[in-house]
Amino acid sequence: MQLVLEKRVERSNTIALVSPLIAIGLTIVTMIILFAILGKNPLLALHAYFIAPLTDGYSLQEIAVKATPLVMIAIGLSLCYLANAWNIGAEGQFLIGAVAGSWIAVKTQGTDAGAWVLPVMLVLAAAAGALYALIPAICKVKFGASEILTSLMLVYVADLFLDYLVRGPWRDPHGFNFPTTAEFDPVATVPLLIEGGRLHLGSIIALLVVAAAAILLGRTIKGFEIRVVGAAPRAARFGGFNANQLIILTFAVSGALAGLAGIIEVAGPVGHLQPGISPGYGFTAIIVAFLGRLNPLGILIAGLFLALTFIGGEQAQIAMKIPLDVTKVFQGILLFYVLACDSLILYRFKLVFPNRQVTRGTG
Amino acid sequence: MLDQTSNDLHSGEPPLLQTIGLTKRYGDFLANDSISIEIQPKQIHALLGENGAGKSTLVKAIYGLIQPSAGEIRWRGQPIVLSGPSEARSRGIGMVFQHFSLFDNLTVAENVALGLDGKESFKDMSARLEQVSKTYGLPLDPRREVWQLSVGERQRIEIVRALMQDPKFLILDEPTAVLTPQEADQLFIVLERLKAEGRAILYISHKLEEVKRLCDTATILRGGKKVDTCNPRLETAASLARMMVGGEIKEVKAPAGRKTTVPRLVVNDLSLAPSEAHGVRLEHISFELKGGEILGIAGVAGNGQDELFAALSGERLSNDPGTVVIEGIAAGHLSITQRRKLGAAFVPEERLGHGTAPRMKLSENALLTGHAASGMVHHGFIDTAATLKTVDRATETFDVRKAKRDPEAASLSGGNLQKFIVGREILRNPAVLVVSQPTWGVDAGAAAVIRQALLDLATAGAAVLVTSQDLDELAEIADRIAVMFHGRLSAPLATSEATREKLGLLMGGSSLEPKEAEHAVGA
């Protein structure tokens with residue numbers, strides 16, 4: 001008896017919907033084993049991770065706040081991945097967006113600049129993220145350089161650039177030598193949705209981005225181009241679509257969204273520019289994009305789920321002294337299972353019996 | 001078990017190879033349904049059937065590439081279970097595949113060595129290679145690299161490689177599909193000689209005249225079942241075709257009153273360097289195609305047909321706009337979308353992955369080429385209803401059979417998908433249609449529908465360019481036939497004058513008598 005993978009005639013839409021759930025299930029089973037090895041009660045740990053954050057209003061808001069950058073970045077990445085362009089450097093685009101937007105905030109600090117400050121910050125952040133993403137895209141199109149490597153390496157450049165700014169020219173003179181800018185003025189801050197709460201305008205922007213992506217991919221010829229270039233490159237060329245143009249376009253859009261997410265994070269929940277503004281949003285968003293099946297609505301749900309793991313991880317650390325890094329382990333295992341389960345969309349498992357048993361009758 | 005009795009009736013030796021109730025199941029699909037055949041020594045046995053009839057499955061089982069789900073294979077009367085091709089080869093079963101498995105950058109001898117089980121030294125092997133190729137009149141230079149060789153020479157490598165293992169039983173899968181008529185004649189001499197030496201040959205083909213000429217026995221498969229075993233020499237091509245198809249094939253009729261009009265596609269001295277290593281350079285190609293006319297391009301595969309298609313479609317651009325003229329407008333520098341807007345339509349050879357995106361729905365595949373000029377897109381938004389309408393119209397007009405209204409392209413059979421692709425383009429009422437291998441791997445019924453559609457399109461005034469390796473197909477629908485060889489295109493011959501001999505010479509790179517060629521241009 002043998003287990004083989006057999007190709008399906010047509011892709012299974014049921015499995016396409018169910019496969020992320022199977023992946024989550026397998027991840028949780030693996031985590032139970034991991035918690036047991038760490039000597040923690042798995043049930044309590046799972047409760048801390050997945051149930052406790054859902055039980056109070058503050059945590060619920062915090063989930064939405066964390067999900068905001070994840071969803072915005074993941075939407076952009078999904079466009080790249082659908083078009084077979086592998087942007088791994090959203091983290092860097094996020095940081096550069098944060099830096100570019102902060103520039104305005106820092107320069108207008110203490111002046112009587114008006115309501116134009118925040119919109120300009122958002123636009124500048126998006127433009128900077130897009131330009132930063134265009135570097136690997138252009139290297140790919142012009143010189144054939146692997147966009148996976150170049151986009152990833154630019155993350156570290158952005159990280160160090162930000163580090164230099166907040167330790168050097170932009171450091172808050174009254175900040176006791178901490179590497180951070182001064183708190184942004186109110187006109188340079190993303191407004192809250194609920195007075196005294198955590199939820200801010202960025203979450204609304206994220207929802208608009210989801211809706212726009214759904215329309216783009218489902219209804220427009222540009223969205224069709226993106227999908228067909230990724231799914232069947234030769235057919236796309238026959239259709240008259242230019243794959244190189246799409247690499248440029250999708251990198252620019254995803255860079256812009258990552259940059260926008262960066263400034264919203266800095267001008268929103270954080271309130272100033274400092275190192276460590278991102279707990280790896282740009283990388284976690286890759287998991288969000290795939291867990292959401294590169295589908296806008298799926299990404300929204302996946303983004304909320306992974307935000308839950310961030311919050312749950314913090315609670316588990318406080319309540320049970322489970323290291324925060326376990327959250328990253330969890331996210332990594334989840335991506336592994338998501339990609340593994342995806343093969344079930346085009347293939348199915350089948351039990352095969354050796355030939356001799358079957359031919360018995362004719363002997 | 002039932003067949004055993006018939007076997008016992010044989011008085012003399014058991015057959016060399018025999019399958020008894022051989023069945024292969026893929027999921028719910030029966031690729032082979034209880035097939036029993038017998039192959040005797042000194043016999044050339046034809047295996048006939050349409051695409052999807054189960055020929056490949058059967059020979060793969062005999063060659064040990066797949067395991068039958070039920071039934072058995074007997075070799076000289078003894079039941080055998082083949083674990084893989086190497087076991088088949090060690091028993092004396094050889095196979096020459098339709099698609100060669102050769103490494104372009106290795107020499108002939110290196111390629112042969114890779115296919116053997118490798119017990120002898122490379123030097124001994126090369127010497128034996130030369131000797132075998134000499135003995136059977138299959139000349140090969142062991143030191144040449146494969147990419148320099150013609151398709152016919154590449155096939156020789158495969159045949160010599162099989163012969164070097166001294167097989168008692170040789171399977172040949174559509175060996176003449178890639179040969180000129182003259183090369184095919186030479187192959188037949190080799191096969192007759194192998195037969196005289198006492199070997200048996202299983203010959204897969206759908207060229208019926210060839211089977212009548214060469215084969216002693218023919219087994220016909222249809223829908224995975226054995227339909228009949230007969231002596232092909234006592235049958236007519238028509239009766240064999242009826243057995244293969246299971247009914248009459250609708251005859252393709254050229255509608256009366258076809259007039260040629262103005263030139264709609266003109267190619268002027270088109271030369272183009274290859275885009276990839278070992279590609280073919282197009283050299284000084286010129287022709288003129290009028291409305292109402294079908295021009296056929298014959299030739300052995302790999303002589304520049306793909307490159308010509310890319311240059312005509314705009315998948316590759318030319319620096320000189322005047323090299324390709326569509327509807328009187330210089331289009332050599334225009335993209336495929338702009339050429340479609342001028343009224344051109346294209347059907348590439350490869351259905352899945354080139355003509356369609358396999359995992360996308362038919363409506364999306366209608367949009368793939370229809371977005372240019374068919375009113376399927378308004379202000380950047382897709383008109384889904386219009387794309388579905390194209391699917392429905394193509395389904396109705398060209399009898400596309402499918403499980404639901406809008407399935408994925410990959411789920412259609414080859415014939416039905418090809419009908420959809422041709423239909424998708426014809427429904428746009430093109431002024432110029434460039435189509436490559438329109439009926440390759442398509443069942444006879446679908447092939448007739450497609451050829452009729454091309455004739456009707458020409459009658460309606462379009463200019464149609466058909467590239468095909470099937471000379472019978474070109475003879476049936478083309479008004480003139482030109483031949484591609486090494487990136488050059490011969491002067492077109494009127495179909496009535498394009499005999500197999502003349503076309504065969506051109507396909508092999510010989511030129512016709514100067515006088516004759518001139519005469520043909522005038523025709």
The reported gap from CG in A/Leu149 to CD1 in A/Ile88 (rounded to nearest 0.5 angstrom) is 9.5 Å

Contact leader toward chain B among A/Ala235, A/Gly240, A/Ala236, where contacts are heavy-atom pairs under 4.5 Å = A/Ala235

Applying side-chain hydrogen bond (donor to acceptor under 3.5 Å, both in side chains) between B/Ser363 and each of B/Asp406, B/Thr384, B/Thr390, report the one that passes.
-> B/Asp406

Counting only heavy atoms not in B/Lys402, do more than 12 fall under 6.0 Å of its NZ?
-> yes

Going by the angle between their ring planes, with limits at 30° and 60°, are B/Phe309 and B/His354 parallel, tilted or perpendicular?
-> perpendicular

Classify the angle between the aromatic ring planes of A/Phe224 and A/Phe241 as parallel (below 30°), tilted (30 to 60°) or perpendicular (above 60°).
-> perpendicular

Okay, A/Leu216 and chain B: the region with an atom under 4.5 Å from a heavy atom over there is neither

Under a 4.5 Å heavy-atom cutoff, which of B/Ile382, B/Thr369, B/Thr337 has the most pairs with chain A?
-> B/Ile382

Relative to chain B, which of A/Ala232, A/Gly218, A/Gly239 shows the most heavy atom pairs under 4.5 Å?
-> A/Gly239

Under 4.5 Å from any heavy atom of chain A - which part of B/Ser335 = neither

Between B/Arg339, B/His371, B/His379, B/Glu315, which has the largest tally of heavy atom pairs under 4.5 Å with chain A?
-> B/His371

Got a sec: does the NZ of B/Lys24 have more than 12 other heavy atoms crowding it under 6.0 Å?
-> yes

Cut-off 4.5 Å, heavy atoms of chain A, and the answer for B/Gln338 is neither

With only heavy atoms counted, which part of B/Phe346 is less than 4.5 Å from chain A, the side chain, the backbone, both or neither?
-> both

